[in-house]
Amino acid sequence: MDLAHLNDRGLVLVGCGRMGGALLQGWLARGLAPKAVHVIDPKVPGWVAERGVSVEGPGPADPAVIVLAVKPQMMGDVLPSLSRSGGADRLVLSVAAGVTLAAYGRAFPGAPVVRAMPNTPAAIGQGITAIVGNDQAGAAALDMAESLMAAVGRVVRLTDESQMDAVTAVSGSGPAYVFHLIETLAAAGEAEGLPADLALDLARATVAGAGALAMHEDEDPAKLREAVTSPAGTTAAGLAHLMDPETGLAPLMRRTVAAAAARGRELGK
Ligand SMILES: NC(=O)C1=CN([C@@H]2O[C@H](COP(=O)(O)OP(=O)(O)OC[C@H]3O[C@@H](n4cnc5c(N)ncnc54)[C@H](O)[C@@H]3O)[C@@H](O)[C@H]2O)C=CC1
Ligand SMILES: O=C(O)[C@@H]1CCC=N1
């Protein structure tokens with residue numbers, strides 16, 4: 001992160017909820033001066049002003065970056081009030097699902113715009129974010145966007161904006177699928193007679209451990225699955241249901257991701 005540049009010109013954060021708040025915490029942890037950040041949000045969380053971040057007044061006159069972290073449905077209200085703040089040397093970085101580079105381009109003519117899709121593990125610095133920029137976003141703008149998002153985890157660059165709705169459906173929404181997996185695994189354990197707290201503890205630790213192993217081994221997940229599965233054993237009996245081509249997880253996940261991606265496309269209209 002080019003801290004000197006950001007600390008000098010400032011950064012405006014519009015929307016400081018779960019995602020905006022996680023980003024702000026990441027930037028402050030990386031050394032961004034609290035006074036260099038100006039937050040616009042009708043419900044700014046108390047900790048923001050307590051950390052010394054600016055929450056009142058007009059904010060910096062010439063910020064280096066405007067970060068948009070409001071709901072896509074709010075963007076129609078927010079963009080007109082900000083559009084005069086655009087400029088060729090001011091990066092607009094948005095984390096909103098669906099809203100297209102073209103829509104930001106209309107609000108901020110000539111400005112470099114980068115869309116980013118993070119996910120909630122950002123709150124503990126373990127997010128993954130995909131970014132893509134408009135034609136005005138050159139190497140410096142993309143590098144700035146990448147370094148801002150890297151404060152909360154890994155960053156990957158997309159080759160084309162058309163990939164963004166699928167990314168949103170996989171990694172943006174994905175944590176919710178995984179949390180639901182924990183819920184359903186725990187409920188199934190309870191149905192087999194385990195106490196609720198033990199079932200939840202086992203399910204949570206299993207998903208966390210398997211996730212860590214998948215990253216650690218950097219191996220094909222199919223191989224990791226096979227290593228759990230003894231011939232004619234318990235896992236094979238379970239997977240016969242989970243991997244059923246008609247009723248198993250694959251067709252369900254296909255429908256899940258397709259519905260999320262379709263919603264992203266709708267939000268962009
Ligand atoms: N929560 C998630 O898992 C992810 C969210 N996103 C995107 O992040 C954006 C924000 O989502 P969350 O942080 O989850 O929502 P949130 O509801 O936690 O935060 C939104 C914030 O915007 C504020 N706000 C509302 N109207 C405003 C206005 N007119 N001006 C300034 N601030 C205003 C709200 O007070 C709130 O603090 C969305 O566009 C979403 O698509 C992206 C990736 C993952
Ligand atoms: O549900 C949503 O629309 C946002 C985008 C990805 C995760 N949460």
Side-chain angles (χ1 to χ4, degrees), residues 6 9-20 22-23 38-41 59-60 62-120 122 127-150 152 154-174 257-269:
L6 285 172
R9 285 183 55 192
L11 175 156
V12 174
L13 172 63
V14 186
C16 192
R18 275 162 301 196
M19 197 45 71
L23 285 167
H38 180 69
V39 169
I40 300 175
D41 190 316
D62 181 32
V65 187
I66 299 176
V67 178
L68 301 172
V70 297
K71 295 286 189 196
Q73 294 88 341
M74 296 304 302
M75 219 44 102
D77 293 344
V78 166
L79 291 182
S81 66
L82 291 171
S83 56
R84 270 182 298 166
S85 342
D89 69 340
R90 180 165 305 137
L91 170 66
V92 176
L93 171 62
S94 173
V95 299
V99 185
T100 59
L101 290 171
Y104 298 116
R106 284 191 290 276
F108 301 100
V113 181
V114 174
R115 277 181 72 183
M117 181 45 56
N119 61 10
T120 56
I128 179 136
T129 299
I131 61 171
V132 66
N134 67 358
D135 289 345
Q136 286 73 34
L142 283 166
D143 287 350
M144 172 66 86
E146 176 164 339
S147 69
L148 285 166
M149 299 311 297
V152 293
R154 279 180 56 208
V155 179
V156 294
R157 293 189 184 198
L158 304 182
T159 49
D160 198 287
E161 188 184 14
S162 63
Q163 298 169 310
M164 200 45 122
D165 293 316
V167 166
T168 303
V170 171
S171 57
S173 300
V257 170
R263 182 63 186 139
R265 288 190 286 273
E266 268 172 26
L267 287 169
K269 283 183 183 154

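Sequence positions, counted from 1, serve as the residue numbers for this chain.
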Rounding to 0.5 Å, atoms CD (Glu146) and CZ (Arg157) come to a distance of 4.5 Å

Worksheet item: Can Leu93 and Met149 be said to form a side chain to side chain contact (heavy atoms under 4.5 Å, CB included), step by step?
Response: CA-CA 10 Å; Leu93 171 62; Met149 299 311 297; 4.0 Å; yes

Identify all side-chain donor-acceptor contacts of residues 259-269 below 3.5 Å with residues at least two apart in sequence or on another chain.
{"residue": "Arg263", "atom": "NH1", "partner": "Glu266", "partner atom": "OE1", "Å": "2.7"}

Closest approach of [X] to [Y] (non-hydrogen atoms, all atoms of both residues):
X: Gly98; Y: Asp165; answer: CA-OD1, 4.2 Å
X: Asn119; Y: Gly127; answer: OD1-CA, 3.1 Å
X: Leu79; Y: Leu68; answer: CD2-CD1, 3.8 Å
X: Arg115; Y: Ala97; answer: NH2-C, 4.4 Å
X: Val99; Y: Pro72; answer: CG2-CB, 3.9 Å
X: Ala88; Y: Pro112; answer: O-CD, 3.3 Å

Side-chain ([X]) to main-chain ([Y]) donor-acceptor, under 3.5 angstrom:
X: Asp41; Y: Val70; value: no
X: Ser171; Y: Val167; value: yes
X: Ser173; Y: Val170; value: no

State, yes or no, whether a side-chain contact exists between [X] and [Y] at a heavy-atom distance under 4.5 Å.
X: Val12; Y: Leu82; value: no
X: Arg90; Y: Pro63; value: yes
X: Val95; Y: Thr129; value: no
X: Leu23; Y: Leu148; value: no
X: Gln163; Y: Val132; value: no

- Would Lys71 and Asp77 satisfy salt bridge (Lys or Arg N to Asp or Glu O under 4.0 Å), going step by step from the backbone distance to the final call? CA-CA 11 Å; Lys71 295 286 189 196; Asp77 293 344; over 6 Å; no

Taking Leu13 as the fixed residue, which of Ile40, Val67, Val65, Ile66 is the one that meets the side chain to side chain contact (heavy atoms under 4.5 Å, CB included) rule?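 Per the side chain to side chain contact (heavy atoms under 4.5 Å, CB included) rule, the option paired with Leu13 is Val67, out of Ile40, Val67, Val65, Ile66.
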
> So among Asp135, Asn134, Val92, which one has a side chain to side chain contact (heavy atoms under 4.5 Å, CB included) with Leu101?
Replying inline: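 With Leu101 as partner, side chain to side chain contact (heavy atoms under 4.5 Å, CB included) holds for just one option, Asn134.
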
Item checked: Atom CZ of Arg154: over 12 foreign heavy atoms under 6.0 Å ->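 Check fails, neighbour count at 12 or below.
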
* To do: Evaluate whether atom CG of Asp160 has more than 12 neighbouring non-hydrogen atoms of other residues, nucleotides or ligands under 6.0 angstrom away.
  => yes

Under the criterion side chain to side chain contact (heavy atoms under 4.5 Å, CB included), I'd like the reasoning laid out for Ile131 against Leu142: C-alpha separation, chi angles, the key distance, then a yes or no. CA-CA 8 Å; Ile131 61 171; Leu142 283 166; 4.3 Å; yes

Those residues at least two apart in sequence (or on a different chain) that pass side-chain hydrogen bond (donor to acceptor under 3.5 Å, both in side chains) with Ser94 are Tyr104

